[in-house]
Structures are given as C-alpha cells and as structure tokens.
Amino acid sequence: MDSVDAVDGAGQGLAAVALDRFRGELYRCLGRRADALFELADALLCADGPVHSLVGLCLEPEHRRGHGALYDAVNRGEVNTGRLRETLVGLPLPRMFGGRIVLGVDVSPWLRPDAPTCPERLFCHVYGRGRGRDADQRVPGWPYQLVAALESGPTSWTAVLDAVRLGPADDATAVTAAQLRAVVGRLRAAGHWRVGDPAILVVLDSGYDVHRLAFVLADLSIQLIGRIRADRVLLASAPPRPVEGAAPMGRPRRHGAVMALTDPGSWPAPSTRSVAGTARYGRAEATSWPRMHPRLQHRGPWAGHDGPLPIVEGTLIRLQVEHLPGSRQARPVWLWTSAAEAETAGVDRCWRAYLRRFDLEHTLRLFKQTLGWTAPKIRSPQAADRWTWLVIAAHTQLRLARPLARDLRRPWEKPLTAERLTPARVRRGFRHLRAKTAQPARAPNPTTPDRDAHRGPGTGSPPPATTSARPRPETAHASETTRSRVKRQAKASCCQARGARPA
C-alpha cells in the first residue's frame, strides 16, 4: 500500500521538499534527548488509531527505544521553543479573502483534577452536559492558549503558530496581547506581512476582553473581531457641539446614546444591513452600528490606568442565522470589531472570519481525541510543555503531507478528494510517507553490546559470562607481596650492617 500519488506533479515535489526541510529543522530544534523526542513524534504520527497512553507509543516500530528512554525524553528532554516558533511561521500560511491573514485565538484546558501535587494548576472552565450556565464546571488543570492561521472554505485544517500555558499569576489579557504581538512580529520578519498589506484579522470568542486588547494593540496593523455577551450595554459617540448659537454649559459630553443589546427599543438606526446565504446556517443577516464603545471604569484591568479612561470605539455587528447544524434554533450573535467604521463588505468579512474560528476547535479536538494530547499523566508543567510542542510539530507535518497523501478510507467511509482530506485521514498513510522522508534521528545504542568488542587485542578467549567466573582481583595479594619484599630488603640491610648472615 502506497500513500503517495503515482502522478508526481510540481506541487507534490514542493510539498515533499517542504516536509523534508521541516523534519530536519525540527530535529535541530531539539536539544537533550533529541533522538528519542524525534522518534516519539514519528510514533505519534504513525500509530494505528487514537493515542490513549504515552507508554503505548514505545511499541510502535518508529520508536526504536524503550519506555524508559521515552519517559526520560519527555521529563528531561529539551525543545527550543523559540526556534520552533520561527520555523512554524516560516512555513506557507493559509489565507482568506484574497490574500489576507486571519488568526484564531482559543484556550483549551489540560485537565488534571486527580493530581493535587502538580504545580501551577488553575481552575479551568468546562462546559457541562446540561443546558445553561449552571451546568458549567471549574476543574483544575493547565490551560493552553493557541494561535492558529485559518483558511477559507469548509475545512478542519489550521496552521498552529504558537502555544502558551497560562500560569496562576498571569493576566489573561496581558498574556494574549504579548502572544499576539510576538506572532505578528514573527509574521513580519518572515515576510508574510509587509507595510501596505491589508490588516491581519484576529478572531476571538467570548471570554476575551476585546476592548482592552484593542487599546493595548492599537499600534499593530491588526483588526480584532470578538464576540461579546448578549447583555452588554454600549454607547454611541458623543454628538458634536453646535457651532452656531449659544454654547451649551458644562464640559463636553464623552458618550452618546445608550444601546442595550437586550432592549431593541434602544437600538439606533443601523448603518449597514446585508443578507447572504450559507451552506450550514441557511440565511444569514448582518446588521452593524459604527463607533460603539463600552463605558470603562477605574476598576478591574483599568484600575491602574493613569489619567482619564480612553474611549475604545469600534463597529458593533449583530449576526442572525436561520438555523444551526441539526435544525436547532439559533440566537443572534453579537460581534465587536476594532474598525471604527466598517462598510458592508468589511462587515461581511468580519462575521465570515468569525465562523471560520470554529475550525480551531476541530484542531483541538484532533489534538485530544486522536493525537492524545491530554492523555499522558504528566506531573511537571515543563514536561507538559514539551509534549504539547511535539503534538504541534506532529500536526504541522500532517499539514505539510496533505498534498502527498492518498485517501486510505475504511470500507464504510465515503471517499474524499485530495483537497478535502481530513488530518485523521492523512495520518493513516503517514507511515508509508515517512519511509520516503528524511530520518535525522540516530540509531539507538544496543542494550546488549557485542561481546567481541570487549576482547583484548591478541586474545582469543571471550570474556566470562557471569560475575562469579571472573578471576579474583589481585590487589590484596600484590600489596602483601610488596610489603614482604620490603621487609626482606630491610632485614638484609640490617644484617649486612652488623656483619651477620641473614636468616
């Protein structure tokens, strides 16, 4: 069975070169236990079926070392995350809307409720099985925040560019701002974005303080698109002061009319309204209001702000779809973008980019259910970081091998074209692809060395097989013989000095 297409086109040749180059660069990003870590990533890619335990990967043929070396690599190995981040950004990135980069940000927890001695755990939000917020839970674990480049069309592929573990003392908004600033800087250094290009779209779900992020990252050429709660209250911009007539008394107003999202009677006239058709959600209607901002107060994240609080203006978008997948009733979704005034095309671009954010959830589900990201019972958070980056490197290899793979489907599965292969389908044939790629990892040292290598020069007898058959050490006998010889020499010297014959 061969997973490489028989027709070797120019695209497949470039994909094979990119895959070989990434595997070589990945090996150079590994420090201590580099061979064991690299083979662990290969075993993760070539395992048959989902990964349920870490030690089970040592039974794969691609992992030529024992289980002790596997755990030693995860616990004491070394991964140069800075160099690996630059390598990921240097790869070809998916784009949307005619060449625009769209980044998705999301947090996924690695739950460890049964590990009270594991350090740096947080209470992670977990959705319950029931409906409503009362079913949600807070479970101890390690939350990881991922940034990935999204692509257009119905797909489950994303290009993961960065991952950061949130600590107990970290401010989530500050960590997100620093992470996005670093990712955008690496994109500019790699040549993916230049001055004059369209702004990078950054899509966030509810739970992020999108208004504070817009204020902190105002110097970057990015446009934030975030979901806000349906019970928020936003304010319009203050009306201009009249030029003619008597000037109004008092200081100028900072805020305009109040718009409560739960009260349609308080909504002003929208600036844009558009209707479009979607494949999964039916008819979608988008309405927008420009220059809307929240009322900030000197508390919470703004408690230490010097001077008057800023006014962070943006465009408010209300998205109403006809139905959700499964013919479920859909509630309106409220979005806020950092663009103060967005035209109809810009509003459509915002809500379409937000719908593509759910592709990142498919990637996280693949990490956990197929690649076994959260399956190992790791104690230290540093070991969890190494394993996380190995999973990201494995997923990147699947993305690079996408043009090379065939559809090795099960008999009950529908056939898919090469453009619609899922990461799980590509992983089925990666073992055959691996035989045609670079193998930078060195062979392991044998656990039972060759006995002929221990034979001395010019001797034909093999070394003893057991410890009891070895000759006894001559250290004590040699010391006793030297001591007796010294005594005899001293006694002879004394007898010669007295003229007597030694005994």
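Here, residue 1 is the first one in the sequence, and each next residue gets the next number.
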Any side-chain heavy-atom pair of [X] and [Y] under 4.5 Å:
X	Y	answer
Pro119	Pro381	yes
Arg425	Pro423	no
Val105	Asp205	no
Val333	Leu335	yes
Ile225	Val202	no
Pro310	Trp302	yes
Trp142	Cys118	yes

Would [X] and [Y] count as having a side-chain donor-acceptor pair, cut-off 3.5 Å?
X	Y	value
Lys368	Ser108	yes
Thr388	Trp373	yes
Thr158	Glu151	no
His63	Asp42	no
Ser156	Thr422	no

Sub-3.5 Å donor-acceptor pair from the side chain of [X] to the main-chain atoms of [Y], do we have one?
X	Y	value
Gln439	Arg434	yes
Gln397	Ala394	no
Arg386	Val74	yes
Arg112	Gly141	no
Asp407	Leu416	yes
Gln382	Asn75	no
Arg409	Glu413	yes
Asp170	Leu166	no
Arg427	Leu44	yes
Arg402	Glu419	yes

**Q.** Residues in ring-ring contact (aromatic ring centres under 6.0 Å, His included) contact with Phe123, at least two apart in sequence or another chain
**A.** none
Q | Partners meeting ring-ring contact (aromatic ring centres under 6.0 Å, His included) with Tyr27 (sequence neighbours left out) | A | Phe38
Going from [atom1] on [X] to [atom2] on [Y], what distance comes out if it is rounded to the nearest 0.5 angstrom?
X	Y	atom1	atom2	value
Asp209	Thr173	CG	OG1	5.0 Å
Leu408	Arg410	CG	CZ	8.5 Å
Leu433	Arg406	CG	CZ	11.0 Å

Using every non-hydrogen atom in the two residues, find where [X] and [Y] come nearest and quote the distance to one decimal.
X	Y	answer
Cys58	His67	SG-CB, 3.8 Å
Ala177	Val216	CB-CG1, 3.9 Å
Asp197	Arg194	OD2-N, 2.8 Å

Q) When you measure from the centre of the six-membered ring of Trp157, is the NZ or CZ of Arg399 under 6.0 Å away and within 45° of the axis? A) no
Q) Is a salt bridge present between Glu86 and Arg186, judged by a nitrogen-to-oxygen distance below 4.0 Å? A) no
Q. Taking the inter-plane angle between the rings of His305 and Phe215 on a 0 to 90° scale, is it parallel (under 30°), tilted (30 to 60°) or perpendicular (over 60°)?
A. perpendicular
**Q.** His395 and Phe367 aromatic ring geometry - parallel, tilted or perpendicular at 30°/60° bounds
**A.** perpendicular
Q) Yes or no on salt bridge (Lys or Arg N to Asp or Glu O under 4.0 Å) for Glu62 and Arg431, after CA distance, side-chain angles and deciding distance? A) CA-CA 9 Å; Glu62 290 74 18; Arg431 172 168 290 171; 2.9 Å; yes
